Amino acid sequence: MVNELYPYIVEFEEEAKNPDLETHRKRKRSGNSDSVERDAAQEAEPGAGLETASSPSQCSVPPKKGKDAPTKKESLGHWSQGLKISMQDPKMQVYKDEQVVVIKDKYPKARHHWLVLPWASISSLRAVTREHLELLKHMHTVGEKVIADFAGSSKLRFRLGYHAIPSMSHVHLHVISQDFDSPCLKNKKHWNSFNTEYFLESQAVIEMVQKAGRVTVRDGMPDLLKQPLRCHECQQLLPSIPQLKEHLKKHWTK
DNA sequence: GTTCTAGAAC
DNA sequence: GTTCTAGAAC
């Protein structure tokens, strides 16, 4: 049986956390300089991004009047589409029901870090309307259930929320414990994306959709990622990521 | 989103 | 000299 959305298999590159892989850490770069932020700020484009460069069976995609036809190698092969693929992988799925699926973040920024994704293709919060309200509430509820099921006995605090300008396509709710004890947390952008207003509380997003019918974000979000590093527990300023990470240890409940 | 690395910061 | 950050990745 053919999966219409994902007609070909994309292999995930396993991250080199395995010491055995150390010797061939060098790998081809697959860089793409397209601006992610601008991309995320645009409206959803239904139908776009489902074709592949090497798909013999799907020859004719309705050509979008001349200009920005899908000329470049992108779409599903592009890193920003990775969630669409991960969420389909049973090995990644921690929970699923008719509306949503939960996977572990591939590069967790804390001891517990999950993503709740709807099966429905919603590119980002920009595309969210009141008709998605119940879905957003369900995503939140499922997030809380996953916490209860997998970290219920821990005393860790959790937050649920969305990045104001996500890098990855497909709406995803972050469910993340507040220890931020993870080797994948490496830079200022990582920290500030979860510890400034760049992180939009799920509850606030739900209320915004309820009241305004859509999600709007204040200007200057990219600048928030460059703000000085401040401890989320005691507000202390730290001069570098290594020093922040060392500081965080004193708040651990371990 | 990550990796890699030049050169700034210490 | 070493640590650390920040920008490119065709």
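Small disclaimer: the values here were computed from a predicted structure and weren't measured.
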Discussion item. So, using ring-ring contact (aromatic ring centres under 6.0 Å, His included) as the criterion, who are the partners of A:His138 when residues are at least two apart?
Written reply: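 If we apply the ring-ring contact (aromatic ring centres under 6.0 Å, His included) test to A:His138, skipping adjacent residues, there are no hits.
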Item to complete: With A:Ser202 as reference, evaluate A:Arg159, A:His140, A:Glu144, A:Lys137 under the side-chain contact (heavy atoms from CB on, under 4.5 Å) test and give the passing residue.
Response: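 Single side-chain contact (heavy atoms from CB on, under 4.5 Å) partner of A:Ser202 among A:Arg159, A:His140, A:Glu144, A:Lys137: A:His140.
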[X] [atom1] to [N] [atom2]: how many Å, rounded?
{"X": "A:Phe194", "N": "B:dG1", "atom1": "CZ", "atom2": "P", "result": "7 Å"}
{"X": "A:Ile165", "N": "B:dG1", "atom1": "CD1", "atom2": "P", "result": "11 Å"}
{"X": "A:Asn187", "N": "B:dG1", "atom1": "CG", "atom2": "C1'", "result": "11 Å"}
{"X": "A:Leu244", "N": "C:dT3", "atom1": "CG", "atom2": "C1'", "result": "16 Å"}
{"X": "A:Lys189", "N": "C:dA6", "atom1": "NZ", "atom2": "P", "result": "13 Å"}
{"X": "A:His78", "N": "C:dA9", "atom1": "NE2", "atom2": "C1'", "result": "10 Å"}
{"X": "A:Leu115", "N": "B:dG1", "atom1": "CG", "atom2": "P", "result": "11 Å"}

[X] side chain: which of [options] is closest?
{"X": "A:Tyr107", "options": "C:dA6, C:dC4, B:dT3", "result": "B:dT3"}
{"X": "A:Ser167", "options": "B:dT3, C:dC4, B:dG1", "result": "B:dG1"}
{"X": "A:His190", "options": "B:dT2, C:dT5, B:dG1", "result": "B:dT2"}
{"X": "A:Met168", "options": "B:dT3, C:dT5, B:dG1", "result": "B:dG1"}

Worksheet item: In dot-bracket form, how is DNA chain B paired, counting a Watson-Crick or G-U wobble pair only if both its distances are under 3.5 Å and using | for bases paired to another strand?
Response: .|||||||||
Discussion item. Heavy atoms only, 4.0 Å cut-off, all strands: where does A:Lys109 land among base, sugar-phosphate and nothing?
Written reply: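 Sugar-phosphate contact only - A:Lys109 comes under 4.0 Å of backbone atoms but never of a base.
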Item to complete: Measure from the ring center of A:His174 to the ring center of A:Tyr162 and say whether it is less than 6.0 Å.
Response: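 For A:His174 and A:Tyr162, the ring centres are not under 6.0 Å apart.
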